[in-house]
Amino acid sequence: MLQDNAMAHAWREYAAGAEHPAKVVRPEIARSWARCRKAAINPWSNTRRYVDEARLDGARNDHERLIRVADPVMRVVSSLLACNVSLMDKQGYVYHLVSPFSNYSLTVGQEMREELVGTCNAALVQVENKPVRCDYFEHYRVCSQAYSGASAPFLYEDGTFGGAINLNSPLLPLPPNAEIMASVVARQLRKLFFLNHKAWQPLSSVEFFAPLFALLEGALVVTDGQGHVLTVNDEVLGTRKQSSVPPYGTELLGRWVAGGEKTARKLMALPVNDPLGLPPDTVVEFGRSKQPYRLTAVRQCSLSAKQVYRFFLFERYSEPTSASKEPAPASLQQDVVGKSPDWREVLDFVDHVAPLKVNTLLLGESGTGKEVIARAIHNRSGRKGPFVAVNCGALPRDLLASELFGYAPGAFTGANAEGLLGKFEFSSGGTLFLDEIGEMPPDMQVGLLRVLQEREVTPLGSNQVRPVDIRVIAATNQDVAAMLEARTFRNDLYHRLSQVELTLPPLRQRSGDIPLFVEHFNRQVSTDLGIPHSPFSAEALEAFLSYEWPGNVRELRNVVERCLIFCGQGSEVLPEDVRNHILRRRG
């Protein structure tokens, strides 16, 4: 989350005219941003090029053999990762797409060259000529920033670019090694392409996909249509390095699953048309270490005549030991910095309300640390579920509704064929943080109010009511009284959210904490960037204290970071260094 915030800030600065991207931006992304600016691409543009159907048909004819080879492989990858998978020629023209979303065609028939679409994985792979990825705020154009993407090139024998395979996931992040996965798929397709079509038989075998299965996160169990185990990954086997097993059925799986044969039979009894037959919070244990995992999703895809189930067992967790049951003091949690009387009152508030299951409304200017306090409340609450943050102002209305409530399979055009678990359900047992709650559309406020009142949620397109155990912390930097008067914020929702309410003080009211923040960010940024710790002179600290910090803690961190990058590197930071960067921010 901190990295996402840093990238968002870096992009906003560069889009607003900063001379160079911040150091948090990866070198290949920074180079691409610079080329986009030179090409006069508008980062706020949302234009698409006209699809020439004749050219698209011609490209499909030219690549007919590769499409025939690639399509079944692409369908498996798309199903396993719940993402779009596309093929692109050496001119950057996308001519084939497999998507888990109905009627998704945003990239088919488009040229994905950097000078046309800005920074994205499909454009970057053509320039870098190697596997690449591009996530969210790394995209140059804002219209692409809901995507996580990775690409790998098809290389000619002389090493030149001959096209690429692209993975793109709207909203949800691709796995950390997604570019390696794309590279594995590209290599497998190249191998198949040069085989006689009679030798395409490997497409129906589990062994063909073993290199991809080995890279997938979580525990993976692959079965045939009768529930016999065909292969499992190392996460299931634990310390054993075996990668495939004979098809002995549930008795074999029972050796690895907590509960033995009985639990294994439950896993194998999932009907083909109902991959989510187990409750999302089912706990299973894999491997010799018997580490427990929480089952959050079950995906299903088809390999020829075989059925393949993938069990996503994310959220590795353990019960707290007697030594770890007591949460760390708030003052020791990351970024909860301060000793001033105003901030001491905030920390006392956290200590008081954290154990109580009450909805909380956090008010205050942007950059005062509302999410930091929300996390501190969750960490001290004793709730075992996750802390989930949703920015209500960052997503379009329709996407926000899907994110919060989830949806049933096939609920609407473009929906994931397997449905989507909403944040209300995902955060059950934990805390849901709704940032920028003032940006939530009024009609959605009605749905939120019902969830808070009834403690149950109905996914979009479904009649099934599901109970949820959530604690909601909401935050806004807007004037709540003005919103209530203008009727952009429902009065009944306000009273439901503000069972307890806290206004965070701006940094100018807690100036005594500024030296603490300077030293905290000095050490944090030095560690993150791998540069020497640089002392700030007493006069430099006076320069910090003489400024009112309209951007609050977020702005202060940015100035500390700039001082370390451009003036520090181990040497003392002087007052003129601080003033120069503050003035630059004002401009």
Side-chain angles (χ1 to χ4, degrees), residues 2-46 113-121 123-124 126-128 132-145 366-367 394 507 517-518 521-522 524-534 536-537 539-540 543-544 546-587:
L2 291 175
Q3 178 67 12
D4 291 344
N5 290 340
M7 274 303 306
H9 186 64
W11 178 83
R12 291 190 191 100
E13 278 199 325
Y14 196 72
E19 186 175 352
H20 301 289
K23 292 292 184 181
V24 70
V25 182
R26 294 187 289 128
E28 60 266 37
I29 299 295
R31 292 192 296 268
S32 179
W33 285 7
R35 292 190 297 267
C36 290
R37 175 179 285 181
K38 187 175 181 180
I41 295 176
N42 180 359
W44 304 98
S45 64
N46 190 24
R113 299 200 309 274
E114 192 176 66
E115 64 270 22
L116 299 176
V117 300
T119 306
C120 65
N121 54 293
L124 206 58
Q126 301 172 59
V127 178
E128 298 290 334
V132 297
R133 74 177 297 149
C134 188
D135 294 306
Y136 306 119
F137 286 98
E138 290 183 327
H139 291 85
Y140 189 73
R141 294 203 305 166
V142 70
C143 61
S144 301
Q145 289 175 352
S366 179
L507 189 56
F517 273 114
V518 172
F521 290 136
N522 187 353
Q524 187 183 77
V525 172
S526 298
T527 300
D528 290 347
L529 299 183
I531 59 178
H533 178 273
S534 303
F536 282 72
S537 68
E539 294 79 6
F544 276 96
S546 65
Y547 183 54
E548 291 195 351
W549 300 104
N552 292 295
V553 178
R554 187 177 294 121
E555 182 182 8
L556 184 144
R557 186 190 193 283
N558 182 264
V559 171
V560 170
E561 188 173 46
R562 285 176 173 272
C563 287
L564 294 178
I565 292 171
F566 295 107
C567 316
Q569 303 285 329
S571 60
E572 187 177 54
V573 178
L574 303 176
E576 53 267 28
D577 300 326
V578 177
R579 285 192 287 266
N580 286 339
H581 289 294
I582 289 176
L583 288 172
R584 185 177 300 176
R585 292 282 295 163
R586 284 174 175 169

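Numbering of residues begins at 1 and proceeds along the displayed sequence.
The SG atom of C120 sits 9.5 Å away from atom CD1 of I29, with the distance rounded to the nearest 0.5 Å. Annotation: the span from W33 atom CH2 to W11 atom CH2 amounts to 8.5 Å, rounded to 0.5 Å. Distance check: R141 CZ to C36 SG gives 9.5 Å after rounding to the nearest 0.5 Å. Distance check, rounded to the nearest 0.5 Å: CD of E28 to CZ of R133 gives 11.5 Å. With rounding to the nearest 0.5 angstrom, the CG atom of N558 is 3.5 Å from the NE2 atom of H9. Here E561 contributes atom CD and S526 contributes atom OG; the two are 10.0 Å apart, rounded to the nearest 0.5 Å.
The aromatic ring centres of F544 and F536 sit less than 6.0 Å apart.
Within the 3.5 Å criterion, the main-chain N or O of D577 finds no donor-acceptor partner in the side chain of N580. The backbone N or O of V560 sits nowhere less than 3.5 Å from a side-chain atom of N522 that would complete a donor-acceptor pair. Of the possible donor and acceptor atoms, none in the side chain of N121 sits under 3.5 Å from a partner among the backbone N and O of V132. Remark: the backbone N or O of H139 is not paired with any side-chain donor or acceptor of T119 at under 3.5 angstrom.
The list of side chain to side chain donor-acceptor pair (under 3.5 Å) pairs with a residue in residues 35-44, not counting sequence neighbours, reads R35-E114.
Looking at residues two or more places apart in sequence or on another chain, you find a salt bridge (charged side-chain N to carboxylate O under 4.0 Å, His left out) between R31 and E128. Applying the salt bridge (charged side-chain N to carboxylate O under 4.0 Å, His left out) criterion to E115, with sequence neighbours excluded, gives R113.
Aromatic ring orientation, W549 versus Y547: perpendicular (interplanar angle above 60°, classes split at 30° and 60°).
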